[in-house]
Amino acid sequence: MNKIVILTDLHILSESHQRIIGLDPSQRLNQAVAHIRRYQADCDLVICTGDLTHRGEVAAYQRLREILQTLPCPYRLLPGNHDLRENLLQVFPEQARDEQGFMLSHIDTPHHRLLLLDTLRPTPGTFGHAHDGHLCRHRLDWLEDRITSSELPVLIFMHHPPHPTGFAAMDAIALANGEDFYTCVLRHPDKVRHLVCGHVHRTISGQHRGLSFSIFKSPCHQMPMEFHDQDASLSVDEPGAYGILLLTPLSVLAHTEDFALAGRNAPVRGYQPEGGQQFPEKP
Ligand SMILES: [Fe+2]
């Protein structure tokens, strides 16, 4: 079995006094990493699916690097709409990129091929923020090639969901050409098994056009359950979380861990309700 931890939407800030809705993203991420060291020390890989920083400054990536180096296993990074690819790669020069500078890479595990797909709209060498995602022809061709050449079932990791999630504000800044993504993926319905995204700051699972997906919460701020609000910056202080994928030859299991609750719900063995009765008596 392989265990992969998913950290998404970290939104690290460049200075320690800064906050997002009163929360310190670095403190939250440190808490997540401590929890991973304690409970997921056997994980094989951590994948961070974008929005690594809030504003893309070099100083923020440097703060992020200091935290991630305390993980118990290797990590791979993907950019989100709050990232600047060039600054990210300046601080993490060892992270994979292709010959054109896109953060595209694949990892073959014993049972699956993992495809890490860069959905950032600005292309390498151009600066600026665009909150929706886009896959240019180059990246779609790369996706097609890596699926076709794989002898293993494929899992895809990317920041922007390529389909609606029910949140109007986030659906407006999803992957702009999700149709092109699904046209490619659905040419290989028996090979592409699961999709993992970030961006929404909410735990969402389901399927779209037959392809199952998981979206995980942030370690920091979350999206409130306001499906029709048009403000994509709307946030709420709910417990921070990360995802855990357990991969076997026959299955992809997606768990979510609200690590910020861990202090309150520490496991207790042999619990029995007060009064010593394990089960309520039948009426
Ligand atoms: Fe985000």
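What's counted below: heavy atoms across the whole structure, side chains too, no hydrogens, waters or symmetry copies. Start at 1 and go down the list; that is how both ligands and their atoms are numbered. Being a predicted model, the structure only gives us computed values, none of them experimental. We count residues from 1, following the sequence as given.
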Working for side chain to side chain contact (heavy atoms under 4.5 Å, CB included), residues Val236 and Met225: CA-CA 9 Å; Val236 66; Met225 294 300 286; over 6 Å; no

Indicate the atoms forming the closest heavy-atom contact of Pro110 with Leu152, along with that distance.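 Closest approach of Pro110 to Leu152, heavy atoms only: O-CD2, 4.0 Å.
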
Would you say the Fe ion (ligand 1) has His201 as a near neighbour, meaning an N/O/S atom of that residue under 2.8 Å away?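 Of the N, O and S atoms in His201, at least one lies under 2.8 Å from the Fe ion (ligand 1), which means yes.
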
Within the stated cut-off of 2.8 Å, is an N/O/S atom of His11 closer than that to the Fe ion (ligand 1)?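 Coordinating: yes.
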
Give the atom name of whichever N/O/S atom in Asp51 sits closest to the Fe ion (ligand 1).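 The nearest such atom is OD2.
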
Of all N/O/S atoms in Asp9, which lies nearest to the Fe ion (ligand 1)?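 That would be atom OD1.
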
Using the side chain to side chain contact (heavy atoms under 4.5 Å, CB included) rule, pick out the option among Thr8, Asp132, Ile173 that qualifies with His199.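 The side chain to side chain contact (heavy atoms under 4.5 Å, CB included) with His199 is passed solely by Ile173 among Thr8, Asp132, Ile173.
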
The single option from His163, His160, His194 passing ring pair (Phe, Tyr, Trp, His ring centres under 6.0 Å) against Phe213: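 So the option named by the test is His163.
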
